[in-house]
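Predicted, not measured: the structure shown is a model, and the values here were computed from it. Every chain is numbered from 1, with letters handed out A, B, ... down the list of sequences.
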2 protein chains.
Amino acid sequence: MKKYKVKELAELAGVSVKTLHHYDKIGLLSPAIRSEKKYRLYGENELYRLQQILFYKELAMPLTEIGEILDNRNFDQLNALMEHKKMIQNEKLRLDELVNTIDKTILQLKGKKMISDKELYRGFNSEEIENIKAESKKKFGEKEFNTSEKYLKSLSKEQFEELKNEQKEIFKNLLKLSTEDNGSETVQLEIARLYQNIRKFWGTHGSPSTQKSEFKGLAKLYVSDSSYTKVDGEIHEGFPDFLEKAMAHFAKTQL
Amino acid sequence: MKKYKVKELAELAGVSVKTLHHYDKIGLLSPAIRSEKKYRLYGENELYRLQQILFYKELAMPLTEIGEILDNRNFDQLNALMEHKKMIQNEKLRLDELVNTIDKTILQLKGKKMISDKELYRGFNSEEIENIKAESKKKFGEKEFNTSEKYLKSLSKEQFEELKNEQKEIFKNLLKLSTEDNGSETVQLEIARLYQNIRKFWGTHGSPSTQKSEFKGLAKLYVSDSSYTKVDGEIHEGFPDFLEKAMAHFAKTQL
DNA sequence: CTTTGACCCTTCCCTTAGGTCATAGACTAT
DNA sequence: ATAGTCTATGACCTAAGGGAAGGGTCAAAG
């Protein structure tokens with residue numbers, strides 16, 4: 001009877017040593033004996049069993065089931081295989097559905113086409129372009145602006161407008177809420193929305209602490225120049241101040 | 001902006017609260033804000049994102065990938081979907097192969113038909129049957145014998161003969177080795193084979209300690225009646241004694 | 001005769017996508 | 001005020017191993 005140490009058997013069967021350790025631990029394949037120094041020693045029967053294990057494993061069968069099948073000799077091996085076949089066929093059906101769903105989604109997605117590098121600012125008129133650029137530079141400086149511009153290219157015009165609209169809506173909501181406590185959950189939830197909206201505009205670069213101070217900086221900008229906080233084109237008294245306090249509270253408690 | 005606590009959002013989306021905790025922890029879906037008492041508060045944007053997550057999850061996509069896709073807005077969403085589709089189609093091909101393999105194996109297995117209750121002892125002549133039964137009863141007593149008989153039914157005649165032949169071979173090998181130290185690895189490896197062979201005959205019922213003493217009992221039986229340890233029909237002097245010592249050593253060091 | 005490199009051992013932590021307690025604090029209704 | 005529901009965190013569990021730490025063993029080469 002030939003004897004194999006772990007690595008020998010592993011290489012013979014094309015599995016890792018760790019796998020054999022594992023099979024030993026779960027009792028799926030134990031060495032025939034242990035040497036005096038606790039080395040695992042396998043015989044040819046173990047090699048044969050391992051080959052069977054690997055066969056069933058290729059059929060995507062869980063190790064516990066493999067163990068049951070092998071230990072029951074061929075009691076309901078046939079049955080188990082037929083059951084397993086059913087399982088696999090069901091899985092195949094599921095995958096078919098997935099492919100269908102994906103195909104549909106791909107079609108939808110192709111409808112909303114992506115914006116290319118050259119098309120980034122197409123669709124906005126030149127005045128809008130200048131506004132966007134100027135705004136960005138004021139807020140984040142030259143260097144950050146370049147990162148932002150790169151990021152903006154990954155947005156489609158539709159998405160861009162969607163974000164603009166959401167920002168308008170947020171400001172409207174916040175105006176309505178400006179009589180409330182600026183730390184209330186309702187207000188803070190809206191501020192969170194504003195925060196996320198801004199991040200979608202300017203990207204998520206920078207460390208958390210950087211983002212925190214950027215956000216607070218933006219709040220101060222709102223106070224210093226009330227044109228930023230127009231709602232429906234109008235300046236509202238006290239609103240910039242409310243906003244700044246609410247944003248500061250958000251930065252302090254959430255960031 | 002509506003706000004949702006964990007359970008509310010969970011029920012709305014049909015997932016568990018724990019899932020939301022999990023998504024928060026891995027940063028896939030964080031609450032918009034935390035209340036003063038650290039409660040997670042989600043807004044409608046989060047509900048929307050969760051729905052997207054669930055959509056991709058249904059496509060069997062890992063959560064990390066989902067996160068990347070959603071955070072890149074639609075940058076290479078299209079590409080990711082097409083990649084994913086390829087993956088699924090490959091998986092389908094693999095399953096096809098599995099089904100083929102299983103079908104082949106089932107055919108092979110059907111060739112070696114199982115033994116039915118009534119056929120258990122068919123194929124052996126009556127003398128053999130009596131030998132088998134007597135041997136079992138002597139070794140394990142009436143009660144154990146019934147268990148064993150039930151177990152034997154799960155073996156086909158082919159397997160049964162295979163086991164008999166293996167036992168003959170083991171005895172032959174052991175006879176050759178009987179000049180060696182009974183505790184050597186080579187001998188012990190062969191004893192291990194004998195142990196496993198016996199267990200395949202008589203089943204694996206009983207606690208480890210029971211099996212240990214049964215095995216030692218069998219060794220003593222071999223010494224007391226040398227007809228059990230015939231090799232090629234002949235009694236060999238000193239062999240039963242060698243066997244008993246080797247078996248006792250095995251029981252002590254391995255069981 | 002010792003050292004080196006290859007091998008062996010066990011134990012612990014890590015992975016996915018959460019499930020299942022356990023414990024403690026918070027909210028709501030009677 | 002107390003009971004019942006909700007929330008939080010943390011630890012442990014799943015399948016099938018991967019990886020590494022820390023320590024013991026063996027054979028050949030110096």
Side-chain angles (χ1 to χ4, degrees), chain A residues 3-42 46 50 52-70 84 87 91 94 184-185 189 253-254, chain B residues 3-42 46 49-50 52-70 84 87 91 184-185 189 253-254:
Chain A
K3 65 175 180 184
Y4 307 98
K5 282 185 273 187
V6 261
K7 206 193 177 193
E8 290 164 358
L9 182 61
E11 279 174 1
L12 222 64
V15 300
S16 75
V17 169
K18 198 66 210 282
T19 299
L20 293 182
H21 284 174
H22 186 55
Y23 290 178
D24 186 11
K25 185 156 51 176
I26 66 174
L28 179 58
L29 177 69
S30 305
I33 62 170
R34 291 287 195 128
S35 82
E36 211 162 326
K37 292 303 166 56
K38 300 289 178 189
Y39 283 25
R40 289 171 179 82
L41 297 179
Y42 298 87
E46 282 71 36
L50 178 52
Q52 284 192 290
I53 291 172
L54 295 180
F55 168 74
Y56 284 111
K57 197 165 76 110
E58 271 197 17
L59 303 187
M61 218 180 257
L63 298 184
T64 48
E65 242 169 275
I66 296 180
E68 283 164 20
I69 288 183
L70 258 39
H84 191 60
M87 258 196 38
E91 178 71 5
R94 201 178 67 91
S184 84
E185 277 167 9
L189 212 53
T253 61
Q254 309 289 342
Chain B
K3 66 175 178 182
Y4 307 98
K5 283 185 273 187
V6 260
K7 206 191 177 195
E8 290 164 358
L9 182 61
E11 280 173 1
L12 221 64
V15 301
S16 76
V17 168
K18 197 63 214 277
T19 299
L20 294 182
H21 284 174
H22 185 56
Y23 289 177
D24 186 12
K25 184 154 52 178
I26 66 176
L28 179 58
L29 177 70
S30 304
I33 62 170
R34 292 287 194 126
S35 81
E36 209 162 327
K37 292 305 166 55
K38 300 287 181 191
Y39 282 26
R40 289 170 179 83
L41 296 180
Y42 299 87
E46 283 71 34
R49 184 177 168 106
L50 178 51
Q52 285 192 288
I53 292 172
L54 295 180
F55 168 75
Y56 285 110
K57 198 166 74 109
E58 271 197 17
L59 302 187
M61 216 179 258
L63 297 185
T64 49
E65 242 170 274
I66 297 179
E68 284 162 19
I69 288 183
L70 292 184
H84 191 60
M87 257 195 42
E91 178 70 5
S184 83
E185 276 169 10
L189 213 52
T253 61
Q254 308 290 342

Handout entry: Presence of donor-acceptor pair under 3.5 Å, side chain of Lys18(A) and base of dG18(D)
Key =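 For Lys18(A), whose side chain was compared with the base of dG18(D), there is a donor-acceptor pair (under 3.5 Å).
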Problem - Selection from dG19(C), dA26(C), dA8(D) that lies nearest to any side-chain heavy atom of Lys37(B) - result: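 Nearest listed nucleotide: dA26(C).
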Handout entry: Among dT10(C), dA16(D), dT7(D), the one nearest His22(A) by side-chain distance
Key =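 Of dT10(C), dA16(D), dT7(D), dA16(D) is nearest to the side chain of His22(A).
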In this structure, how many angstroms lie between the [atom2] atom of [N] and the [atom1] atom of [X], rounded?
| X | N | atom1 | atom2 | value |
| --- | --- | --- | --- | --- |
| Tyr42(A) | dC9(C) | OH | P | 7 Å |
| Lys3(A) | dC7(C) | NZ | P | 16 Å |
| Leu41(B) | dC27(C) | CG | C1' | 13 Å |
| Leu9(A) | dC8(C) | CG | P | 11 Å |
| Glu36(B) | dA8(D) | CD | P | 15 Å |
| Glu11(B) | dT5(D) | CD | C1' | 12 Å |
| Lys7(B) | dA8(D) | NZ | C1' | 16 Å |
| Leu20(A) | dG18(D) | CG | C1' | 14 Å |

Taking only N and O in the side chain of [X], is any of them less than 4.0 Å away from OP1 or OP2 of [N]?
| X | N | result |
| --- | --- | --- |
| Thr19(B) | dG19(C) | yes |
| Lys57(B) | dG18(C) | yes |
| Ser16(A) | dG18(D) | yes |
| His21(B) | dG18(C) | no |
| Arg40(B) | dT7(D) | no |
| Lys38(B) | dA8(D) | no |
| Arg34(B) | dT9(D) | yes |

Practice task
Could you say whether Tyr39(A) or Tyr23(A) is positioned toward the 5' end of DNA chain D, judged by the nucleotide with the nearest heavy atom to each?
Solution key: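 Nearest nucleotide further toward 5': that of Tyr23(A).
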Handout entry: 5'-most by nearest nucleotide on DNA chain D - Val17(A) or Glu8(B)
Key =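 So the residue in question is Glu8(B).
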Exercise for the section: Considering non-hydrogen atoms only, spot the tightest contact between Ser35(B) and Leu41(B) and give its length. Expected result: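 Smallest heavy-atom distance, with atoms named: CB-CD1, 3.9 Å.
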Problem - Minimum-distance pair of heavy atoms, taken over all atoms of Ser30(A) and Glu46(A) - result: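 In this case the closest contact between Ser30(A) and Glu46(A) is O-CG, 3.5 Å.
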Exercise for the section: Check whether any side-chain heavy atom of Val15(B) sits under 4.5 Å from a side-chain heavy atom of Lys57(B), and report yes or no. Expected result: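 A side-chain contact under 4.5 Å is absent here.
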Practice task
Compare all side-chain heavy atoms of Glu65(A) with those of Leu59(A) and state whether any distance is below 4.5 angstrom.
Solution key: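 With C-beta onward as the side chain, the pair stays apart.
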Handout entry: Atom pair CG (Leu50(B)) and OH (Tyr42(B)), whose distance is rounded to the nearest 0.5 Å
Key =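 Here the rounded value is 8.5 Å.
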